[in-house]
Amino acid sequence: MFRQAVGGAVLVGLAVAATGCQKSGPPRAFVTGTVSYQGKTLTTGEVAFYPESAPTEQPCLALIGRDGTYRMTEILLGKYTVSVVAPAKPLPGQTPRTPPPNRPIPVYIPVKFAKPQSSGLSFEVRDGTQQFDIPLAD
């Protein structure tokens, strides 16, 4: 029984190392920024960086905080197409949902920003720490 538990722990450790959480390997950078739409800071959502060199790979993801900021650590260097997923703008005649208590009122954005093909956003990650603010507009 003890041997199985130790073997399971070793397998979990190997799986974590294989996911790129380690410091060795290709150079990586730290990217941070603020996301806004028509001058209003987003209070929820997600930013996704899709590598242009390997568009079928999983994107690098970061949550947008209540203050509108996001941060990505250990992102590989290179060119990325970027998308922003946040509450979609209600259709004409629709009433937006009221957020639960103690939650900020969401800033609604057009759906086009949620798809890398239609967002119109791109960024080149270089070595070191950098800021990439995302001011969305129609």
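In what follows, residues are counted from 1 in the order of the sequence shown.
A single hydrophobic cluster is not seen to contain both V85 and Y80; linkage of ILVMFWY side chains at heavy-atom distances under 4.5 Å, directly or through other members, places them apart. With hydrophobic clusters built from ILVMFWY side chains whose heavy atoms lie under 4.5 angstrom apart, M72 does not share a cluster with L63. Linking Ile, Leu, Val, Met, Phe, Trp and Tyr whenever their side-chain heavy atoms come within less than 4.5 Å puts V47 and L76 in one cluster.
A heavy-atom distance below 4.5 Å is found between the side chains of L61 and E46. Using a 4.5 Å cut-off on side-chain heavy atoms (C-beta onward), S83 and Y50 make contact.
The CG atom of L42 lies 6.5 Å from the CG atom of L136; values are rounded to the nearest 0.5 Å. Rounded to the nearest 0.5 angstrom, Y70 OH and T32 OG1 are separated by 6.5 Å. The line from CZ of F113 to OH of Y37 is 6.5 Å long, rounded to the nearest 0.5 Å.
In this view, T69 and D67 satisfy the side-chain hydrogen bond (donor to acceptor under 3.5 Å, both in side chains) rule, not counting sequence neighbours. The side chain to side chain contact (heavy atoms under 4.5 Å, CB included) search around K112 returns P110, S118, not counting sequence neighbours. Judged as a side chain to side chain contact (heavy atoms under 4.5 Å, CB included), and not counting sequence neighbours, the contacts of T44 are P87, P106. For E57, the side chain to side chain contact (heavy atoms under 4.5 Å, CB included) partners two or more places apart in sequence, or in a different chain, are P51, A54. Legend: residues meeting side chain to side chain contact (heavy atoms under 4.5 Å, CB included) with T73, ordered by chain and number and at least two apart, are F30, R71.
Looking at every heavy atom in both residues, G68 comes nearest to T41 through CA-CG2, 3.3 Å. Nearest heavy atom pair, residue I109 against residue A86, reads CD1-CB, 3.8 Å.
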Distance-only check: which donor-acceptor pairs under 3.5 Å involve side-chain atoms of residues 119-132, not counting sequence neighbours?
from	atom 1	to	atom 2	distance (Å)
S119	OG	V82	O	2.5
S119	OG	L121	N	3.1
Q130	OE1	R126	N	2.8
Q130	NE2	R126	O	2.7
Q130	NE2	G128	O	3.0
Q131	NE2	D133	OD1	2.9
Q131	NE2	D133	OD2	3.0

